[in-house]
There are 2 protein chains.
Amino acid sequence: MSDVGIKDVAARAGVSPGTVSNVLNRPEKVSPATRERVEAAVRELGFVRHGSASTLRAGHSKTIGLSVIDIGNPFFTDVTAGVEEVASSLGYAVILSNSAGSRAKEERNLLVLAEQRVRGVLITPSDEDPARLDRLRKRGISVVLVDHPAHCPDQCSVAVNDVGGGMTAVRHLMDTGARSIVYVTGPLTIRQCLDRRAGAERAFGRPLRVIEMGAMTPRAGQQAAEKLLAEGDLPDAVFCANDLLALGLMRGLTHAGVRVPDDVALIGYDDIDFAAASAVSLTSIRQPTHQLGRVATELLLDECDNPATHAHQQIMFQPELVVRESTR
Amino acid sequence: MSDVGIKDVAARAGVSPGTVSNVLNRPEKVSPATRERVEAAVRELGFVRHGSASTLRAGHSKTIGLSVIDIGNPFFTDVTAGVEEVASSLGYAVILSNSAGSRAKEERNLLVLAEQRVRGVLITPSDEDPARLDRLRKRGISVVLVDHPAHCPDQCSVAVNDVGGGMTAVRHLMDTGARSIVYVTGPLTIRQCLDRRAGAERAFGRPLRVIEMGAMTPRAGQQAAEKLLAEGDLPDAVFCANDLLALGLMRGLTHAGVRVPDDVALIGYDDIDFAAASAVSLTSIRQPTHQLGRVATELLLDECDNPATHAHQQIMFQPELVVRESTR
DNA sequence: CCGGGCCAGAAAAACGTTTCAAATTTGTCC
DNA sequence: GGACAAATTTGAAACGTTTTTCTGGCCCGG
């Protein structure tokens with residue numbers, strides 16, 4: 001049962017190994033009668049193609065790599081689900097690797113992917129350095145950037161318009177009557193945090209008061225609330241760089257007797273599942289995460305399968321405002 | 001740059017291909033002088049081992065498969081992170097597949113894993129049928145069950161004691177003075193929901209009032225709250241089969257003017273990040289998810305690397321009570 | 001000085017597929 | 001019925017490693 005090869009199938013079906021291979025890879029090239037005979041033999045023997053041998057000889061594999069920054073983050077989880085969906089429907093296997101924000105680990109992971117001779121790589125790069133990716137491309141491995149706009153037009157990328165999202169958020173707050181707004185954010189070394197601020201300030205017309213936290217967690221959000229309260233001067237509204245911060249902040253404010261949205265309106269970013277579930281449901285900016293993964297994968301596989309006709313695309317999705325109780 | 005093989009390295013270093021292979025796989029077998037020369041050549045040429053050729057010849061790969069039921073569920077996400085961590089630290093690549101609860105998709109994914117000749121598979125099976133897994137084992141692929149206790153002692157498994165968790169939850173509610181308790185759950189076809197109820201009732205001493213919802217989401221929790229309120233007879237406490245239900249329920253109760261924990265105490269299950277972040281933080285039962293993934297992977301790789309000395313283990317983790325405001 | 005045992009490295013045979021040119025069969029048309 | 005083209009099928013080489021068997025030199029004891 002264990003090691004039936006293509007030869008065994010060939011013997012059983014009374015054909016040559018080459019024909020079995022044809023049945024497997026180009027069924028249309030072989031007459032219906034023999035095809036059926038071979039397929040029967042495959043079933044009877046429980047034959048499973050040896051992927052490595054196939055990859056070795058054919059020169060390309062049926063796997064793609066996915067390198068994300070934080071597998072624990074719901075954003076990437078959703079992206080991953082989209083990737084897995086498309087890849088598996090096309091018969092591709094997805095090798096997952098998590099750089100955990102470490103450049104060294106990312107490098108190691110990319111090496112593993114190169115060894116596995118993946119067909120292509122989907123990556124949310126942990127920094128701007130394009131050298132590693134160029135090296136992959138030199139090896140014939142296609143690369144698509146995920147949640148990161150490409151700088152040069154010679155590669156594909158999918159991203160979400162964070163500047164636009166920031167604008168939408170603040171415009172909405174202003175529409176509900178806010179005159180003073182605070183931006184609570186994670187580290188301003190993160191592109192997303194920066195872009196969202198840029199958009200927010202563009203909508204606001206002038207610089208925003210900013211509270212920068214070291215992390216983007218509920219805990220950090222609660223600390224931000226304390227900071228805000230300590231400063232004394234409560235704004236009309238707060239824009240948080242993600243929902244985790246916003247939920248923590250909401251909790252902090254509520255516990256201090258500040259009412260949301262009556263005293264302070266609040267908007268988050270990402271629209272995670274729990275945004276709708278909190279005591280006062282959270283207005284947020286939704287990103288098409290699942291679609292991000294799907295489209296990135298489609299782009300990658302198109303690049304792999306039709307290198308001749310493939311045109312590189314830099315796709316930018318628009319995020320969407322979801323209004324709930326926290327800004328009413 | 002693209003296709004430098006072991007031969008090129010050998011030529012460059014002035015040795016035979018076999019020696020290069022030895023440097024790569026059993027460095028101790030080759031003299032320090034030549035080893036260094038070969039390593040230099042590897043660096044200079046940017047050689048990357050061709051994983052498929054290696055797998056083909058060596059008969060085993062450096063990849064493992066991970067098949068989960070729902071990649072979007074934070075529980076599995078955490079498990080996945082643990083798996084990735086251990087696997088990548090040992091140089092293994094992880095092929096991720098998502099069965100999305102569909103038996104057919106699980107089957108397809110396992111086939112892909114078999115084609116890739118993964119060394120072993122970590123799987124949260126979508127049903128009880130052991131036939132598929134036996135088939136894998138027949139092919140020499142080790143299998144470790146994740147979040148599912150093994151029935152037979154001839155395989156490894158890691159799981160969390162859901163009966164114990166249910167007991168802990170209800171015992172805690174009773175300790176805080178609850179006399180009447182309702183169990184809000186997802187489909188009772190799910191093993192976890194059943195086990196938790198069993199434990200809960202064992203602690204309670206008699207059957208619990210049960211509200212069974214079709215899903216385990218915040219929305220379902222909110223509907224459960226409506227149901228509870230409609231029935232009129234409010235209990236002292238509610239035990240929810242997971243945190244998503246609990247958060248939805250909390251929101252539903254709060255909006256109806258019922259105070260948590262003053263009117264009704266509330267405990268969830270899973271201790272997701274947001275449990276601590278809600279307006280009234282949620283008491284919950286924490287599962288060692290990350291560790292679940294880590295240990296499962298260690299077990300699997302031990303089984304692969306030391307088949308002789310490996311002893312199958314069925315590990316059962318104990319969940320842990322985390323007390324917060326919703327039961328004070 | 002000689003011979004046996006050892007060690008480092010070499011050479012060649014796999015591993016299981018795919019591919020491609022060549023061979024064979026089938027079909028078509030006069 | 002025969003010739004030619006088209007459609008199938010065959011057979012062997014090749015993909016890049018690992019592994020096993022061998023070879024030649026070296027060390028050491030006798």
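Protein chains get the first letters and strands the later ones, always in sequence-line order, with residue 1 at the start of each. Keep in mind that what you see is a predicted model, and the values were worked out from it rather than measured.
The base of D/dT18 lies close enough to the side chain of B/Arg57 for a donor and an acceptor atom to sit less than 3.5 Å apart.
Side chain of B/Val15, nearest nucleotide from C/dT17, D/dT9, C/dA10: C/dA10. Counting only heavy atoms from C-beta on, A/Thr19 has its side chain closest to D/dT9 among D/dT9, C/dT18, C/dA10.
Among the atoms of the strands shown, base atoms are found under 4.0 Å from some heavy atom of B/Ser21. A/Val20 comes within contact range of no nucleotide atom at all, as no heavy-atom separation falls under 4.0 Å. Counting any heavy atom pair closer than 4.0 Å across all strands shown, A/Arg26 reaches sugar-phosphate atoms only and no base atom. Among the atoms of the strands shown, base atoms are found under 4.0 Å from some heavy atom of B/Gly18.
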Test side-chain hydrogen bond (donor to acceptor under 3.5 Å, both in side chains) on A/Ser52 and A/Thr55 and set out the steps.
CA-CA 5 Å; A/Ser52 296; A/Thr55 295; over 6 Å; no

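Between B/Lys62 atom NZ and D/dT17 atom C1' there is a gap of 15 Å when expressed in whole angstrom units. One interatomic measurement links the two molecules: CD of A/Glu115 to P of D/dG16, which rounds to 15 Å at whole-angstrom precision. What separates CD1 of B/Ile6 from P of C/dA14 is a distance of 19 Å, to the nearest Å. Summarising the geometry, the separation between CZ on B/Phe47 and P on D/dG16 is reported as 11 Å, rounded to the nearest angstrom. Between B/Leu56 atom CG and C/dA14 atom P the separation is 14 Å, expressed in whole Å. If you take CZ of B/Arg49 and P of D/dC15, they are 20 Å apart, rounded to a whole angstrom. Here the P atom of nucleotide D/dG16 and the CG atom of B/Asn25 are 17 Å apart, to the nearest Å. The distance from atom NE2 of B/His50 to atom P of C/dC15 is 19 Å, rounded to the nearest whole Å.
Along DNA chain C, the nucleotide closest to B/Ala58 and the one closest to B/Ala33 are compared, and the more 5′ of them pairs with B/Ala33. The 5' end of DNA chain D is approached more closely, in terms of each residue's nearest nucleotide, by A/Val30 than by the other of A/Val30 and B/Thr55. With DNA chain C read from its 5' end, the first of the two nearest nucleotides for B/Ala53 and B/Arg37 is the one closest to B/Arg37.
Dashed line: the shortest gap from a side-chain N or O of B/Thr34 to OP1 or OP2 of C/dG9 is under 4.0 Å. Distances shorter than 4.0 Å separate some side-chain N or O of B/Ser16 from OP1 or OP2 on C/dA10. Taking 4.0 angstrom as the limit, B/Ser31 places a side-chain polar atom (N or O) nearer than this to OP1 or OP2 of C/dG9. Look at B/Ser54 and you won't find any side-chain N or O under 4.0 angstrom from OP1 or OP2 of D/dG16.
Using a 4.0 Å cut-off between charged nitrogen and carboxylate oxygen, B/Glu106 and B/Arg132 count as a salt-bridge pair. The pair B/Asp134-B/Arg139 does not count as a salt bridge, with every side-chain nitrogen at least 4.0 angstrom from each carboxylate oxygen.
Between A/Gln314 and A/Ser157, the side chains place no donor N or O within less than 3.5 Å of an acceptor N or O (distance only, hydrogens not considered).
Side-chain contact between B/Ile69 and B/Phe76 is present, with at least one heavy-atom pair separated by less than 4.5 Å.
The line from CD of B/Gln287 to CG of B/Asp78 is 10.5 Å long, rounded to the nearest 0.5 Å.
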